[in-house]
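Worksheet: one structure, shown below.
Just so you know, these numbers use all the heavy atoms, side chains as well, and skip hydrogens, waters and symmetry mates.
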Amino acid sequence: MRRKIIIDCDPGIDDAVALMLACASPEELEILAVTAVAGNVALGHTAANARRVLEACDRGDVPVYAGCPRPLLRPPVTADRIHGETGIDGSGLPPPTRPLADGHAVDLLRDTVRNAPGEVTVVAVGPLTNLAAVLVQRPEFAAEAREIVVMGGSAGPGNVTPHAEFNFHADPHAARIVFESGASLAMYGLNITHQVRVDDQVLGRIAALRSPPARAAAGMLERYRDSGGALHDVLAVGHLLRPDCFGLEAALVTIDTSETGRIGRSIVERGSGTNARVGFDAAAGEFLDFLLERLARY
């Protein structure tokens, strides 16, 4: 049975490759919608980028909903230094031809999950603003969602500050709401995503595929490699497709929202209760081979 999913994202180069992996896996995943949030770049870009990628993958039928244009409480931050001015610089993808879906991402998330309790998984790979807004409106969302798979945080050092990963740093208050919600959570933080990186060999294999999505991925990842090439958001989709490639452990995750240099830090404690399953180990080579096999389907 295919798993019903909504992908909440802020494309972003690694978000774009995550979307490509999901679109290449129709036997396993039924993409109900994509919801965009401000993060790597402003909302206007992330909502357009999601449609650009879906159209490149011949999945322009998947509706894209625009969501929250800024964090709950803090000023917006972006990562355009990493992802480029548009968010997917290097992709060569044209502007989208299809409009945004009518309505707000928060309403779409709330109503879709409410109408199919226990059936819909949310793959959240940007700041968690949209999800936090849903949970404030409807706390029952936490129990109604089948699972929320989060790319964010770290069980070790951060990448924006010594303590915080970008998504949680961008909206720490939203991350705190999600992790205190009681939802079934799987967390892929920097400590595991840094184990799966694009190197010259992997980039060459992607470039050799020559399909429009693969060419776009190669162009983006050529730029992205300079920042380390970790396929952060791709692992959250991989969690649904190849769980055997990842080792997760139950842990208690708390989010620092203090107005200090540690804001956005995720404190991961094993053996002190649990509110999430946290990724620690990845079979990187096996997962990268799987990703290449899926990209070769285009």
Side-chain angles (χ1 to χ4, degrees), residues 5 7-10 12-22 25 29 39-40 79 82-83 121-128 131 147-170 172 175 178-179 183-199 202 221 224-225 227-256 264-272 274-292 294:
I5 67 169
I7 302 175
D8 187 65
C9 57
D10 63 333
I13 289 170
D14 51 332
D15 308 69
V17 180
L19 285 170
M20 292 175 182
L21 176 58
S25 306
L29 302 179
N40 285 319
I82 302 297
H83 299 271
T121 295
V122 181
V123 181
V125 293
L128 296 175
L131 286 181
E147 184 178 29
I148 300 174
V149 186
V150 173
M151 188 281 125
S154 176
N159 60 354
V160 175
T161 72
H163 309 287
E165 176 273 334
F166 174 80
N167 286 340
F168 286 11
H169 179 76
V178 172
F179 276 82
S184 175
L185 293 167
M187 172 180 144
Y188 283 76
L190 299 179
N191 57 288
I192 186 170
T193 65
H194 279 167
Q195 298 175 39
V196 185
R197 298 177 182 265
V198 171
D199 58 17
V202 172
L221 291 169
Y224 188 66
R225 183 177 50 174
S227 65
L231 292 176
H232 307 290
D233 296 344
V234 186
L235 271 63
V237 175
H239 169 83
L240 305 178
L241 298 169
R242 287 296 305 270
D244 57 303
C245 288
F246 307 108
L248 281 71
E249 297 183 31
L252 180 65
V253 181
T254 54
I255 313 300
D256 191 332
R265 179 189 179 203
S266 50
I267 303 159
V268 179
E269 300 175 272
R270 288 180 274 189
S272 301
T274 179
N275 61 352
R277 292 185 301 139
V278 177
F280 286 97
D281 299 300
E286 189 173 350
F287 179 70
L288 286 167
D289 286 344
F290 171 75
L291 174 63
L292 268 292
R294 289 299 162 103

Heavy-atom side-chain contact between Ile192 and Gln195 under 4.5 Å | yes
Between the CG atom in Asp14 and the OG1 atom in Thr193, the distance rounded to the nearest 0.5 Å is 8.5 Å
Distance from Leu292 atom CG to Leu21 atom CG, nearest 0.5 Å?
-> 11.0 Å
Closest heavy-atom pair, Phe246 versus Ala282, reported as atoms and distance to 0.1 Å, is CD2-CB, 3.9 Å
Out of curiosity, Phe287 CZ to His239 NE2, how far, rounded to the nearest 0.5 Å?
-> 12.0 Å
Which heavy atom in Phe179 sits nearest to a heavy atom in Ala276, and how many Å separate them?
-> CE2-CB, 4.0 Å
Heavy-atom closest pair, residues Ala236 and Val149 = O-CG1, 3.7 Å
Is a side-chain donor or acceptor of Asp15 paired with a backbone partner of Asp10 at a separation under 3.5 angstrom?
-> yes
Could you tell me the separation between the CD1 atom of Ile5 and the OG1 atom of Thr121, rounded to the nearest 0.5 Å?
-> 8.0 Å
For His232 and Glu165, test the side chains for any donor-to-acceptor distance below 3.5 angstrom and give the result as yes or no.
-> no
Working for side-chain contact (heavy atoms from CB on, under 4.5 Å), residues Val196 and Leu288 | CA-CA 8 Å; Val196 185; Leu288 286 167; 3.9 Å; yes
Residue of the set Leu240, Leu29, Asp8 for which side-chain contact (heavy atoms from CB on, under 4.5 Å) holds with Val123 | Leu240
Reported CZ-to-CG distance for the pair Arg242 and Leu291, which is rounded to 0.5 angstrom = 11.5 Å
Please lay out, stage by stage, how Val178 and Leu185 fare under the test side-chain contact (heavy atoms from CB on, under 4.5 Å).
-> CA-CA 9 Å; Val178 172; Leu185 293 167; 3.9 Å; yes
Positive for side-chain contact (heavy atoms from CB on, under 4.5 Å) with Tyr188, one of Val150, Val234, Leu248 = Leu248
Asp233 side chain to Met151 main-chain N or O, any donor-acceptor pair under 3.5 Å?
-> no
Under the side-chain hydrogen bond (donor to acceptor under 3.5 Å, both in side chains) rule, what pairs show up with a residue in residues 152-164, not counting sequence neighbours?
-> His163-Arg262
Expected output: side-chain Asn191 to main-chain Gly279 donor-acceptor under 3.5 Å = yes
Tightest non-hydrogen contact, residues Tyr224 and Ala230, listed as OH-O, 2.9 Å
Would you call Val253 and Asn275 a side-chain contact if the rule is heavy atoms closer than 4.5 Å?
-> yes
Test item: Ser266 side-chain N/O and Ile255 main-chain N/O as donor-acceptor pair under 3.5 Å = no
Any donor-acceptor N/O pair, His83 side chain to Ile13 backbone, under 3.5 Å | yes
Exercise: identify the closest heavy-atom pair between Cys9 and Leu19 = SG-CD1, 4.5 Å
Of all the heavy-atom pairs spanning Val268 and Ala251, show the shortest one and how long it is.
-> CG1-CB, 3.8 Å
Do Asp244 and Phe290 pass the side-chain contact (heavy atoms from CB on, under 4.5 Å) test, and can you show the C-alpha distance, the side-chain angles, and the key distance before you say yes or no?
-> CA-CA 12 Å; Asp244 57 303; Phe290 171 75; over 6 Å; no
